[in-house]
Amino acid sequence: MSRTPRLPSSLLRVAACTSVAALALTACGSGSGSGSTSSGSGTVKVGLITKTDTNPFFVKMKEGAEKAAKEDGVQLMTAAGKFDGDNAGQVTAIENMVAAGVKGILITPSDSKAIVPAIAKAKAKGVLVIALDTPTEPESAVDALFATDNLKAGELIGEYAKAAMKGKTAKIAALDLAPGVSVGVQRHNGFLKGFGATEKDVACAQDTGGDQAKGQTAMENCLQKEPGINLVYTINEPAALGAYTALKAKGREKDVLIVSVDGGCTGTQAVKDGKIAATSQQYPLKMAAEGVNAVVTYAKDGKKASGYTDTGVTLITDKAQTGVTSKDTAFGLENCWG
């Protein structure tokens, strides 16, 4: 796998907009630093709707969008669901942004299917709609998708785990996201594909919502069901750290391999510290910045972004395995988020 380009350090220094209640629309100043949601005549407006405004991944995505909006001289309006899965809140945000005259909307859909009718209404009014991170179902419901290849992210850690197990019979625990969420499904399926396993090889599967406390509970449940678990796949690093806590309480933290996906700074540090063996790192700032740039291009010349743009994924580990391309945690910490 080719080296993922280092993200510009300027993206990491941008200041966040003033905190607002979930679903409130705000404007990141287009050069003036104003907090007003209105702007001068002719200013291009871009909308960003994330699943939540608390998850570090989406906080960093917002920062990337803010930086790009400032550089492009456009106004950024932002909104977020009250919780991961708040489709109704995202629908309201789309409607509010369309009414405010945005030229394009960037969205990480909480419900990939249920959001489609609201997206269709926005597109019918001439608004460019781009999905970030999470594809809609169908993917063609939006004009374009800028995202990690989540299937590939799962495959990378599956391939790594297979090599790291060195022929030992795996008893797998899968700490997943939630039923039907495309990102979770793709990562899970990718892991199994990369490892060369099937669902029958999973000794225990639990949903965690990507939450650390729920990850710990899920791991405790799995250890009760199958005490011999020796490989843990997790949807993200908070779930992985929850699993590590549960394993440590049982004195099993050194003999169970944990692999994950995301590449946040806390998670990457956990790889460096030996709590997680490897993680697949993705790049939310890049997704958002490229999304804003695409809306600006559309506003200037009418050219619409289309299809899928892969924003990159890199396997991060300090215990490289033969035949599996990876980068160390020094690279991971240079390019992490959160």
Side-chain angles (χ1 to χ4, degrees), residues 23 25 27-28 30 42-51 57-58 61-62 64-69 71-81 86-152 181-183 185-186 282-313:
L23 298 176
L25 298 181
C28 295
S30 54
T43 300
V44 174
K45 296 179 183 179
V46 182
L48 172 68
I49 304 170
T50 54
K51 294 179 182 181
F57 184 85
F58 300 122
M61 181 178 283
K62 182 177 175 182
E66 288 168 353
K67 177 63 176 178
E71 291 177 347
D72 289 334
V74 299
Q75 181 185 11
L76 181 69
M77 307 181 74
T78 66
D86 182 13
N87 181 70
Q90 289 197 324
V91 169
T92 298
I94 289 174
E95 292 171 347
N96 289 344
M97 288 181 176
V98 171
V102 296
K103 194 67 177 178
I105 293 174
L106 315 174
I107 184 169
T108 59
S110 283
D111 188 316
S112 297
K113 293 181 179 179
I115 198 65
V116 169
I119 289 174
K121 290 179 181 178
K123 289 174 65 180
K125 292 184 177 295
V127 176
L128 178 71
V129 183
I130 297 173
L132 303 181
D133 179 56
T134 305
T136 52
E137 295 182 39
E139 190 174 311
S140 59
V142 291
D143 292 293
L145 169 66
F146 293 170
T148 304
D149 183 339
N150 283 292
L151 186 69
K152 180 63 175 178
V181 180
S182 57
V183 168
V185 172
Q186 290 167 1
Q282 54 180 340
Y283 304 102
L285 289 97
K286 186 176 181 181
M287 294 177 198
E290 291 191 2
V292 170
N293 292 338
V295 175
V296 172
T297 296
Y298 173 57
K300 288 181 177 178
D301 61 21
K303 182 180 179 181
K304 287 187 175 182
S306 62
Y308 168 58
T309 297
D310 183 355
T311 52
V313 62

Considering all heavy atoms, the nearest [X]-[Y] contact:
| X | Y | answer |
| --- | --- | --- |
| S112 | S182 | OG-OG, 3.4 Å |
| P109 | P135 | CG-O, 4.2 Å |
| M77 | V102 | SD-CG1, 3.7 Å |
| A69 | V292 | N-CG1, 3.9 Å |
| G312 | D310 | N-OD1, 2.9 Å |
| I49 | A93 | CD1-CB, 3.8 Å |

Exercise. Kindly indicate, with the supporting measurements, whether the criterion side chain to side chain contact (heavy atoms under 4.5 Å, CB included) is fulfilled by V98 and I105.
Key: CA-CA 9 Å; V98 171; I105 293 174; 4.2 Å; yes

Donor-acceptor pair, side chain of [X] and main chain of [Y], under 3.5 angstrom:
| X | Y | value |
| --- | --- | --- |
| K45 | A100 | yes |
| Q90 | T50 | yes |
| T108 | K51 | yes |
| T309 | F146 | no |
| K304 | A144 | no |
| Y308 | A147 | yes |
| D143 | I130 | no |

Would you give the length of the straight line joining atom [atom1] of [X] to atom [atom2] of [Y], rounded to the nearest 0.5 angstrom?
| X | Y | atom1 | atom2 | answer |
| --- | --- | --- | --- | --- |
| L132 | L48 | CG | CG | 6.5 Å |
| L128 | K303 | CG | NZ | 12.5 Å |
| T92 | N87 | OG1 | CG | 9.5 Å |
| L106 | K62 | CG | NZ | 13.5 Å |
| K103 | T43 | NZ | OG1 | 13.5 Å |
| L76 | K67 | CG | NZ | 14.0 Å |

Quick one, [X] and [Y] - any side-chain contact, counting heavy atoms below 4.5 Å?
| X | Y | value |
| --- | --- | --- |
| D133 | P284 | no |
| K125 | K121 | no |
| M287 | F57 | yes |

Exercise. Show your working on side chain to side chain contact (heavy atoms under 4.5 Å, CB included) between I94 and I115 and close with a plain yes or no.
Key: CA-CA 10 Å; I94 289 174; I115 198 65; 3.9 Å; yes

Exercise. From the options L285, T148, D149, select the one residue that forms a side-chain contact (heavy atoms from CB on, under 4.5 Å) with T311.
Key: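 Of all the options given, the one that passes is T148.
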
